[in-house]
Amino acid sequence: MTNQEQDMRQEQLHFQECLDIIGQNVTKYEQEYERRHAQVQELYKAVNSGDVELYNQLMTAGSLEEHAAASLRKNRAAQDKPYFGRIDYTEKAADLGQQVYIGKNGVFRNRTDVLIADWRAPISSVYYENELGPGEYGLPDEKPISIDLHLKRTYSVENGRLLGYYDSDVASNDELLVQYLSKNKDAVLGEIIATIQKEQNAIIRKSPFANLIVQGVAGSGKTTVAMHRISYLLYNYKHRFESNEYCIIGSNDLLLNYITSGLPELDVPNIKHLRMDQLFARLCEKDWVKKNKCTQPDDSAPWRCTLSFMQELELYLLHLREELVSLAPLQDKQIGTILSESNNTTLYQENPAFSICTLLTTLDERVKTRIKFLMSGEDRDRLQAKLREHAGHYKAMRPTRSIYDLYLEYMRLWWDTHGDTLQPSPLPPTSSDSLPPCPARACGRGDSRTQNPSPAARAWQAHLDRLQRREYDVYDIAALSLIHYRVYQKAPNEEFGLLFLDEAQDFGIGIYYVLRTLLPAAYFTIMGDVSQNIHYDTGLNDWYELQKLFLKNERDQFLLLQKSYRNTIEISQYAGRILEKASSGRYKIQPVIRHGIPVKENRFWSDMEMAEHAAGLIADIQAKGYHTTAVICRNEEDAARAHRLLSPLTPLTDGAAANFSTGTMVLPIRLVKGLEFDAVLLWNLDMVHGPDDPRQAKLLYVAATRALHELHVLNY
């Protein structure tokens, strides 16, 4: 028997031993869970019947039930694939040899001995990052531990069977990685933990006490990295952050549902996930959604998404603060000066984050304290009378206008200042018939503008009319939340500790200024690709201003993911030609060496002929075992027409339901950001004859890079 055969035999024996222990664990935790569950039910009934003394026992029993359920879930999940990697190393300080198997779920041999290390454990970083020889790993926020790595092994396991292994000094070598990437999309997601690459792992394991901005090309795993980072931080920093402090932010419900659908696989509980407009609505007012309607940005958005627009709003609010809050001394004929101007000024200047209402409330509290001090030892009735006399002195200065009225006033002032300098709206109007004829009544302009309003004035007036109907886009809601924060907020927001933003380039810099202002204590992981900014006039086309806002401390970092794991070489090369126009060659794709079929381009005489061809392609794609196909169209109107043409010819999945699912979906480019499919059909996007315009190139680049295996270009 050769050494390799003997080694494989030992591996098979160890694999079976692990399966046996996992099976025993499943039986044990099933029994424990049933026992704990019954105990919780009995205690719950007793407490509900009035025996409140058992409440603490109920809480303890509930925690033990949750622990048993979690252990059962992990062991069941490990039955098909107990582990995917192994490392052998010597810890230098102790001169102690170790052999560690690494899996998707941590498994214990008994209460203290680890059988399989969880991929999130600190020691597992050695598998992802270290080459053979000297290296190190570190516990979170502690000094690194030096090691000497002797072996790094990656296993091929399917359906509870050990098929083989690869030894490598680079985790998940290309041969195994290409095997995984060649599978259908569902299989790829199931195996991704085994194939995390070094540059991805470095981002996943960064300290949570830092702001990260990650520029990653299409297919570089940005969304995957974000999901795994959440899982890693929940596992290693549970003592510092509760799960309800985490929040994922995205641009649409389809993207958010796609992201969160993968979180249970990563042992992540139900954490908050919000669209950007929903986040600001939550920061603005409790019942904002009940009172107002959120809409898509219109032709005025390019002016409202800017940093200068939000900073000028700050100046407007500062003037309002100075106008409303009197710092003059508060005098009383009997007891003298209650609050001096210098003390009021000090409070005002030392608390710039106080809202106007918080500042006034604090001043009223100081009045009470000061009166009690000045009248200490005096008759209680006289003291109470004096307190009543000056009660609410500063409260009377509170603003009486709503945040909506204040925003409208600011919008009109902003137009009066900037309206003459604005060029016609850079975005095509949604409907010229819907634009009102006269901007003067809202914008304070004269008769000459009434007779012949400019396109910019018409766009601005149209937006003001939307505001009057209480219809707001994400930039309006951000501005409203800033007004609420500066004028009415009572206490700092402590709901959000860690925020994860995907497709960050979709939003203008003004959004991020407000986020950073409203959540100064939160930490952000910001993922995106400026080459995929399909909102060219409102989103981010570079990271410069965002870096200035968020990267202020030593730990904060700007990071790059340049290697694409999604597309085949053929698709990557096709998309790369578009990328040259989309980003002026700034960020290039470095594809994993995985070949597929060539990108196929076809032209037709009519859209009906094209639909018939598409139906045939979809049938062929499904016959190959691929589960997800997207027909990507330029906009919602094209998607609706394509859906009507295709639905009689082939089964379709409803993309309007905002749920990512298997089957064939017909979607506009706007909704496919951050998603990926086994195969993609581009529907009349005119890839070859499109204009040499970075705006159009970014749209085409996003659409072309959604495909894992096959890309078909259809035009008529």
Side-chain angles (χ1 to χ4, degrees), residues 283-286 308-417 444 478-494 513-514 516-521:
L283 294 171
C284 190
E285 284 186 348
K286 183 178 180 181
S308 63
F309 181 85
M310 295 301 179
Q311 289 177 331
E312 288 182 47
L313 176 57
E314 287 273 49
L315 288 174
Y316 165 80
L317 296 171
L318 180 61
H319 291 316
L320 181 67
R321 180 188 180 101
E322 293 171 346
E323 175 187 307
L324 291 174
V325 181
S326 172
L327 301 178
L330 176 58
Q331 304 283 355
D332 183 90
K333 293 180 180 179
Q334 283 79 38
I335 59 176
T337 302
I338 298 176
L339 292 180
S340 68
E341 183 174 355
S342 62
N343 283 337
N344 288 347
T345 301
T346 299
L347 175 69
Y348 184 94
Q349 293 176 344
E350 291 183 351
N351 296 281
F354 277 11
S355 70
I356 293 173
C357 288
T358 298
L359 186 61
L360 294 173
T361 299
T362 305
L363 286 167
D364 273 331
E365 290 298 321
R366 286 197 170 190
V367 169
K368 291 181 188 178
T369 303
R370 183 68 175 159
I371 290 173
K372 290 177 182 178
F373 173 76
L374 293 172
M375 298 184 68
S376 59
E378 292 200 23
D379 180 77
R380 188 175 186 279
D381 290 341
R382 285 193 63 219
L383 171 62
Q384 293 300 319
K386 189 61 68 178
L387 288 171
R388 286 194 297 273
E389 180 183 342
H390 293 285
H393 173 80
Y394 289 98
K395 184 179 179 181
M397 302 175 190
R398 285 172 62 98
T400 57
R401 290 179 292 170
S402 71
I403 58 175
Y404 309 100
D405 293 335
L406 292 171
Y407 183 50
L408 271 173
E409 179 179 85
Y410 169 70
M411 290 283 284
R412 289 163 180 155
L413 290 171
W414 190 91
W415 175 265
D416 285 336
T417 303
L480 288 167
S481 65
L482 182 60
I483 295 171
H484 177 265
Y485 177 81
R486 294 298 189 198
V487 179
Y488 291 109
Q489 184 154 302
K490 295 179 181 179
N493 184 288
E494 296 180 352
Y513 173 82
V514 179
R516 182 73 282 181
T517 301
L518 270 57
L519 300 172

### Shortest non-hydrogen contact from Pro399 toward Cys357
CD-SG, 4.2 Å
#### Entry: ring-ring contact (aromatic ring centres under 6.0 Å, His included) partners of residues 345-404, not counting sequence neighbours, each pair once
Tyr404-Tyr472
### Task
Please list all pairs passing the side chain to side chain donor-acceptor pair (under 3.5 Å) test where one or both residues lie in residues 351-361, with sequence neighbours left out.
Ser355-Thr358
### Query
What pairs meet the salt bridge (Lys or Arg N to Asp or Glu O under 4.0 Å) rule with one or both residues in residues 393-406, with sequence neighbours excluded?
Arg401-Glu409
### Query
If we only count heavy atoms from C-beta on, is the Thr517 to Glu314 side-chain gap below 4.5 Å?
yes
### Query
If you round to the nearest 0.5 Å, how far is CG of Leu482 from CG of Leu313?
5.0 Å
### Parallel, tilted or perpendicular: rings of Tyr410 and Tyr316 (30°, 60°)
tilted
### Side chain to side chain, Lys372 and Leu387, heavy atoms closer than 4.5 Å
yes
### Query
How many angstroms lie between atom CG of Asn343 and atom CG of Leu327, to the nearest 0.5 angstrom?
11.0 Å
### Summary
Smallest heavy-atom separation, Ala478 atom then Met310 atom, equals CB-CE, 4.1 Å
#### Entry: Atom pair OG1 (Thr362) and CG (Leu347), whose distance is rounded to the nearest 0.5 Å
6.0 Å
### Message
Taking side-chain hydrogen bond (donor to acceptor under 3.5 Å, both in side chains) as the definition, give me every residue that meets it alongside Gln331, ordered by chain and number, with sequence neighbours left out.
### Response
Thr337
### Task
State the CG-OG distance between Asn344 and Ser326, to the nearest 0.5 angstrom.
7.5 Å
### Task
First locate atom CG of Leu408, then atom CD1 of Ile403, and finally report the distance between them rounded to the nearest 0.5 Å.
11.0 Å
### Message
Side chains of Ile371 and Ile335, heavy atoms from C-beta outward: is any pair under 4.5 Å?
### Response
yes
### Summary
Distance col, row Tyr513:OH vs Ser308:OG, nearest 0.5 angstrom, shows 11.5 Å
### Query
Can you tell me if Arg321 uses its side chain to pair, donor with acceptor, with the backbone of Leu324 under 3.5 Å?
no
### Query
side-chain contact (heavy atoms from CB on, under 4.5 Å) with Gln334: which residues, sequence neighbours excluded?
Asp332, Lys386
## Note on the structure
salt bridge (Lys or Arg N to Asp or Glu O under 4.0 Å) pairs touching residues 334-357, sequence neighbours excluded, are none
### Task
Using atom types as modelled and distance alone, determine if a side-chain donor or acceptor of Arg370 lies under 3.5 Å from a backbone N or O of Ile338.
yes
